[in-house]
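Below is one structure, written out as structure tokens, with a few remarks after it.
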Amino acid sequence: MKKVGFFRSIHFKFVLIYVLLIFVAMQIIGVYFVGELEENLVGNFTKSIKGHVNLLTYSIGEEMEKERGEEDPTLEEAIDAILKDRDNSSNDISEVRVIDTRSRRVIGTSAPGNQDIVGKKTTEVLIKNTLTFGKEDSDVFRDKGRRLWVLSTPVEANEEVIGAVYVIAEMENVFEQMDEINSIFMTGTAIALVITAILGILLARTITRPMSDMRKQALVMAKGNFSRKVRVYGDDEIGQLAVTFNNLTKKLQESQSSTEGERRKLSSVLANMTDGVISTDRRGRVNLINEPAAQLLNVSSETVMNQPIIEVLGLEEEYKFEDLLEERESIILDYSKKNRPFILRGNFSVIQKETGFVNGLITVLHDITEQEKIESERREFVANVSHELRTPLTTMRSYLEALAEGAWKDEEIAPSFLSVTQNETERMIRLVNDLLQLSKMDSKDYRLKTGWVNFNKFYDHIIDRFEMSKNDDITFKRDLPKEAYFVDIDEDKITQVLYNVISNSLKYSPEGGQVTFRVRASDGFIIVSITDQGVGIPKNVIDKIFDRFYRVDKARARNLGGTGLGLAIAKEMVVAHGGKIWAESVDGKGTTVFFTLPYEQEEEDDWS
């Protein structure tokens with residue numbers, strides 16, 4: 001996570017807010033204090049000036065009322081004397097003028113440099129208002145940047161305005177005092193703010209330190225480490241928050257451990273399932289696929305992630321994702337290729353919240369290729385058995401119906417009909433016996449009765465039996481080694497294998513043909529082969545001759561009395577002994593059937 005800068009940190013914001021609050025408070029106090037102080041100082045100043053002016057007005061009024069003789073000084077001289085005496089009374093008054101009401105002329109001024117206005121009419125508006133209305137009037141104005149306060153006061157005698165006193169006083173000293181006081185106040189404010197900032201930093205640390213610890217803890221928790229704890233600094237709200245945060249960490253650790261355990265269980269289940277599992281998000285894109293599913297679909301987990309499931313399953317032409325969400329039945333996925341059947345069954349389950357919101361889709365894939373193959377073979381088996389039984393039964397019914405209708409009285413026809421019926425009955429008995437034999441071989445409880453046998457002598461003895469019953473126009477050739485091969489076999493079952501294979505070779509051998517018998521040893525097995533010189537088997541069907549009821553030439557095989565199960569029985573018996581059986585053929589030149597049996601070389605010395 002990006003580091004928070006100092007000026008963006010909550011620590012700085014706490015201090016800034018604290019300082020600003022103090023600053024605003026002090027400014028409010030300062031404005032009120034300065035306003036009140038200014039009003040008080042100005043009030044005291046004007047009160048002091050008016051006190052002096054009142055005394056001066058009383059003296060001037062007496063002089064203006066006084067009857068003067070020849071020896072008395074003139075009014076102007078008396079006024080001038082009074083004004084000169086006033087110079088020691090107040091340092092703030094810069095000039096005092098006395099105006100006569102009747103002539104409205106200045107009859108005296110205290111300013112030595114302004115004596116030329118004496119005897120001249122006044123032009124001051126304040127003086128005119130005072131003389132006219134008999135009321136005191138004042139104003140403030142600036143002269144060369146200095147603030148002056150002027151006061152016009154009437155001089156009365158017998159309730160009659162006989163003159164006016166015009167006073168000019170300098171107020172700059174008042175405002176200079178205010179500036180000094182403001183300077184002192186600002187200095188105090190600055191010192192208070194500095195102290196407040198220091199205190200604010202210390203106080204903010206008590207709040208931000210636990211919060212910083214909790215932030216670090218959150219970052220550590222985000223990385224999966226729940227062992228760290230937040231330090232608790234006190235029992236206040238932040239301390240309680242730290243305790244709660246530690247409890248939350250513990251709960252998250254327990255929850256994470258539980259979730260991790262469940263995840264591992266799920267992972268183990270998915271990994272060890274034989275069925276394939278695919279999960280999607282709500283848009284139908286793959287977000288989980290286990291290894292069996294990847295193997296079934298022949299894809300890699302990385303390439304299909306975030307791909308639409310309908311494309312992964314190859315259903316984009318038939319289905320949309322919304323169709324799969326509503327699908328309640330299994331879907332058969334046929335990926336069969338030429339000579340390689342491959343069929344999957346897909347079951348779909350919707351991941352849905354209680355509110356009905358769809359979170360995704362779970363798809364379970366199951367390989368049913370073998371199941372379908374078995375089902376197909378079962379159907380084919382039932383059809384073949386039905387067909388094989390129907391043919392002799394139909395023949396028997398026809399001959400029996402003929403006999404029942406009176407043919408038994410015919411001495412020439414009746415024996416022939418009975419002979420055919422007997423042959424068909426025996427054929428059905430052989431078919432049923434073969435089916436029972438296959439059923440026993442398929443049973444899980446089937447057991448071989450094995451024993452050690454010198455296979456060369458055993459094989460030679462079987463060939464001798466067929467030598468006595470074969471047609472004279474067919475010859476046998478024996479290519480058997482002199483070395484004795486001892487094998488652990490069930491003699492009855494291997495005898496049946498050899499009978500079935502040799503019988504087929506004799507059936508399909510032409511007149512004058514030869515059947516060759518060989519035995520060879522290789523890599524712990526003996527390889528037994530029977531070769532005829534018959535018509536051969538086409539290359540494209542040679543692997544099917546060991547399937548049940550399969551015949552290359554069905555009409556000829558049925559005429560020869562075969563059931564189509566001989567080689568299938570031989571295959572089951574050889575496989576039960578731990579060997580395998582196969583055939584090689586050249587079309588028109590003959591066929592060779594091979595089968596192997598386990599053989600242990602070290603047993604020779606014990607039997608020799």
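Hydrogens, waters and symmetry mates are skipped; everything else that's a heavy atom, side chains included, is used.
One N or O on the side chain of T249 and one on the backbone of F245 form a donor-acceptor pair closer than 3.5 Å. Here the side chain of S255 pairs no donor or acceptor atom with the backbone of K251 at under 3.5 angstrom. Formation of a donor-acceptor pair under 3.5 Å by the T130 side chain with backbone atoms of K135 is found in this model. Side chain of N44 to main chain of L41: no donor-acceptor pair is present (N/O by atom type, distance under 3.5 Å, no hydrogens or angles). Proximity of a side-chain donor or acceptor of R105 to a complementary backbone N or O of G119 within less than 3.5 Å is detected. Looking at E76, its side chain never comes within 3.5 Å of a backbone N or O of I107 through a donor-acceptor pair. Between the S138 side chain and the L151 main chain, no donor and acceptor come within less than 3.5 Å of each other. Formation of a donor-acceptor pair under 3.5 Å by the Q115 side chain with backbone atoms of T109 is found in this model.
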Verdict with supporting geometry, N158 and E65, side-chain contact (heavy atoms from CB on, under 4.5 Å): CA-CA 10 Å; N158 299 322; E65 280 185 313; 4.0 Å; yes
side-chain contact (heavy atoms from CB on, under 4.5 Å) between D100 and M64, intermediate numbers included: CA-CA 9 Å; D100 180 51; M64 292 180 73; 3.6 Å; yes
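Ring geometry for Y335 versus F342: interplanar angle of 30 to 60°, hence tilted.
Atom CD of E322 has more than 12 heavy atoms from other residues, nucleotides or ligands within 6.0 Å.
Residues D367 and L344 share a closest heavy-atom pair of CA-CD2, 3.6 Å.
Note on E62 versus K66: no salt bridge recorded, every NZ/NE/NH1/NH2 to OD/OE distance being 4.0 Å or above.
In this structure, a donor-acceptor pair under 3.5 Å is present between the side chains of N287 and S279.
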